[in-house]
Amino acid sequence: MPTLATTVDGLKLPNPFVIGSGPPGTNLNVIAKAFKEGWGAVIAKTISLDSSKVINVTPRYAKLMGQDGSEVVGWENIELISDRPFKIWLDEFKKCKDMFPSGVLIASIMEEYRKDAWVEIVERCQEAGVDGFELNFSCPHGLPERKMGSAMGQDCDILTEVCGWVMAASRKPVWAKMTPNITHIEEPSRAALSAGCQGISAINTIRCVMGINLETLRPEPSVEGYSTPGGYSCKAVRPIALRMVMEIATMMAKEFPGRSLSGIGGVESGRDAAQFILVGADTVQVCTGVMKSGYECVQPMQEELLAFMEQHRFNTLSDFKGKSLPYFTTHFDLVQKQAQRKAAQKAAMQKKVVTSDAEWSGDSFVQQSNALSRE
Ligand SMILES: Cc1cc2nc3c(=O)[nH]c(=O)nc-3n(C[C@H](O)[C@H](O)[C@H](O)COP(=O)(O)O)c2cc1C
């Protein structure tokens, strides 16, 4: 019987399904619900020291429906980080660890470009008992206007410096969460790992405009008639997320073997999770999927991943982690491989051409006849 249990950076997870930072981990009530439903770990909604600067608008989500209008395939949000006071969060982290001592609780943190702020947020969260940190270098809207989030994640020098501050202060594993709004996601990933982070999480949302209302001619989601580009998530982003996780995993295998990778973006099923693990992820995070289907979705996800493992006789996640990576290559190499295969086929065909009657064979009689026929 295969097992989904896994140990990542010393954290013992009953399964690789992790609540991704966002509404599904936004207060103690919902975090408790996640642990009760059996999620492998919870990454809480991103917090900062001063929540008074965080002011959200409504509406802040917009959905892209599939062709028959019944399925949500894409989701835009212009939601900021948590608007709840830091002190309340610390209290809830403590309560959560009392309620679920073995539950893996990870704080997602974000601060301005100031060493004292990053050190303070790390120290106070770890005193409250969290098991690890995820550094949000990736929120694409609102926060970059304050030089936070993806504004930091796109600047490798700043990122190295900030990760260095965090690593000096943290006694817990640290994952750096990457923005996809960059051409080469390996570069900020490399910067964070060089600074000592234990792992990488990827991806956060992709900067987008959900659509334009053809009656009002205004962009959506519309707030007082105006909008701003937001972050795109849900199953529509999965191919992009898979590509980026594959690129990071390929770089990590060469340069940082043994570091961890958490795959995020459009995971809604066990088979989606299997694909992220096959391209090198240790865990998968789910955010929009929980907003669509509820916390209970972790049960069918686990069953489906186990069924996939049984089908291939994999006993543990590490039996198939990264197993598809060797099958990625360059386009140039694809052309060469195809030319080699065609040349080999042609040579084999030529071998079958009978040059004297003594060469006719009972086993390949039909092929030999065909080889002597007009095309
Ligand atoms: C409404 C909403 C709020 C989010 N808030 C945060 C956040 O506070 N911090 C963060 O790191 N990511 C946040 N995310 C990004 C998700 O954690 C995740 O990286 C992204 O949505 C892709 O995964 P998904 O398709 O499973 O949602 C948010 C996503 C959504 C949809």
Side-chain angles (χ1 to χ4, degrees), residues 16-27 30-31 34 39 41-48 51 54 56-64 72-84 89 106-111 132-144 148-153 174-181 185 200-208 210 221 230-245 261-269 272-273 275-276 281 283-295 297-298 301:
F17 294 99
V18 176
I19 293 281
S21 184
T26 206
N27 63 39
V30 292
I31 295 174
W39 285 82
V42 174
I43 302 184
K45 173 83 185 163
T46 303
I47 55 172
S48 63
S51 65
V54 180
N56 270 306
V57 291
T58 311
R60 54 181 186 262
Y61 306 146
K63 298 174 185 173
L64 184 74
V72 181
V73 294
W75 186 297
E76 176 182 345
N77 84 86
I78 51 171
E79 179 170 297
L80 301 177
I81 58 175
S82 177
D83 57 12
R84 302 176 64 238
W89 268 106
I106 295 175
S108 168
I109 55 174
M110 179 195 275
E111 257 310 321
F133 291 101
E134 187 175 81
L135 313 181
N136 181 344
F137 290 128
S138 42
C139 182
H141 44 264
L143 286 309
M148 296 161 80
S150 65
M152 264 185 199
V174 177
W175 301 348
K177 183 166 176 181
M178 294 294 129
T179 175
N181 301 304
I185 199 164
I200 297 293
S201 306
I203 56 174
N204 204 313
T205 50
I206 302 172
R207 225 166 122 76
C208 74
M210 178 53 82
Y232 200 40
S233 64
C234 199
K235 65 198 309 176
V237 309
R238 195 168 59 240
I240 300 167
L242 272 175
R243 187 264 297 177
M244 291 191 150
V245 169
L261 182 54
S262 191
I264 323 168
V267 174
E268 296 190 355
S269 69
D272 295 342
Q275 294 181 54
F276 277 92
T283 58
V284 290
Q285 298 185 26
V286 186
C287 179
T288 310
V290 181
M291 297 173 75
K292 280 170 65 177
S293 319
Y295 293 85
C297 65
V298 74
M301 283 181 179

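Remember, it's 1-based here, ligands and their atoms both numbered in the order they're listed. All residue numbers refer to positions in the sequence shown, counting from 1.
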message = Determine whether Ile264 and Cys287 satisfy the following criterion, side-chain contact (heavy atoms from CB on, under 4.5 Å), listing intermediate values before the conclusion.
response = CA-CA 8 Å; Ile264 323 168; Cys287 179; 5.8 Å; no

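Considering both main-chain and side-chain atoms, Glu79 never comes within under 3.5 Å of ligand 1 through any nitrogen or oxygen pair. Considering backbone and side-chain N/O atoms, Ile203 comes within less than 3.5 Å of an N/O atom of ligand 1. Between Thr288 and ligand 1, at least one pair of N/O atoms sits closer than 3.5 Å. For ligand 1, none of its N or O atoms has an N or O atom of Tyr61 under 3.5 Å away. Considering backbone and side-chain atoms together, Asn136 places an N or O closer than 3.5 Å to an N or O of ligand 1.
Annotation: atom 20 (C) of ligand 1 to nearest protein heavy atom, Thr205 CG2, 3.7 Å. The protein heavy atom nearest to atom 25 (O) of ligand 1 is Gly266 N, 2.8 Å. Ranking the protein heavy atoms by distance from atom 13 (C) of ligand 1 puts Ser21 O, 3.0 Å first. The protein heavy atom nearest to atom 3 (C) of ligand 1 is Pro23 CD, 3.4 Å. Protein heavy atom nearest atom 26 (O) of ligand 1, with residue, atom name and distance: Cys287 N, 3.0 Å. Among protein heavy atoms, the minimum distance from atom 12 (N) of ligand 1 is reached at Lys177 NZ, 3.0 Å.
Contacts with ligand 1 closer than 4.0 Å are made by no heavy atom of Arg60, backbone or side chain. Residue contacts with ligand 1, taken as heavy atom pairs separated by less than 4.0 Å, do not involve Ile43 at all. By the criterion of a heavy-atom distance under 4.0 Å, the side chain of Asn77, and not its backbone, is placed next to ligand 1. At a heavy-atom cutoff of 4.0 Å, ligand 1 is contacted by the backbone of Cys234 but not by its side chain.
Cys208 and Gly231 make their closest contact through SG-C, 4.1 Å (heavy atoms, listed as atom of the first residue, atom of the second, distance).
Pairs of residues two or more places apart, or lying in two chains, that qualify as salt bridge (Lys or Arg N to Asp or Glu O under 4.0 Å) and include a residue from residues 285-294 are Glu268-Lys292.
Ring geometry for Tyr61 against Trp75 counts as tilted: the plane angle lies between 30° and 60°, on a 0 to 90° scale.
Atom-to-atom distance recorded for Ile109:CD1 and Ser21:OG is 11.0 Å, nearest 0.5 angstrom.
Ligand 1 is approached by Gly265 to a heavy-atom distance shorter than 4.0 Å.
Of the options Val237, Thr46, Val18, the smallest heavy-atom separation from atom 7 (C) of ligand 1 is shown by Thr46.
Side-chain N or O atoms of Ser138 include none that pairs as donor or acceptor with a backbone N or O of Gly149 at under 3.5 Å.
By the ring-ring contact (aromatic ring centres under 6.0 Å, His included) test, Phe137 pairs with Trp118, sequence neighbours left out.
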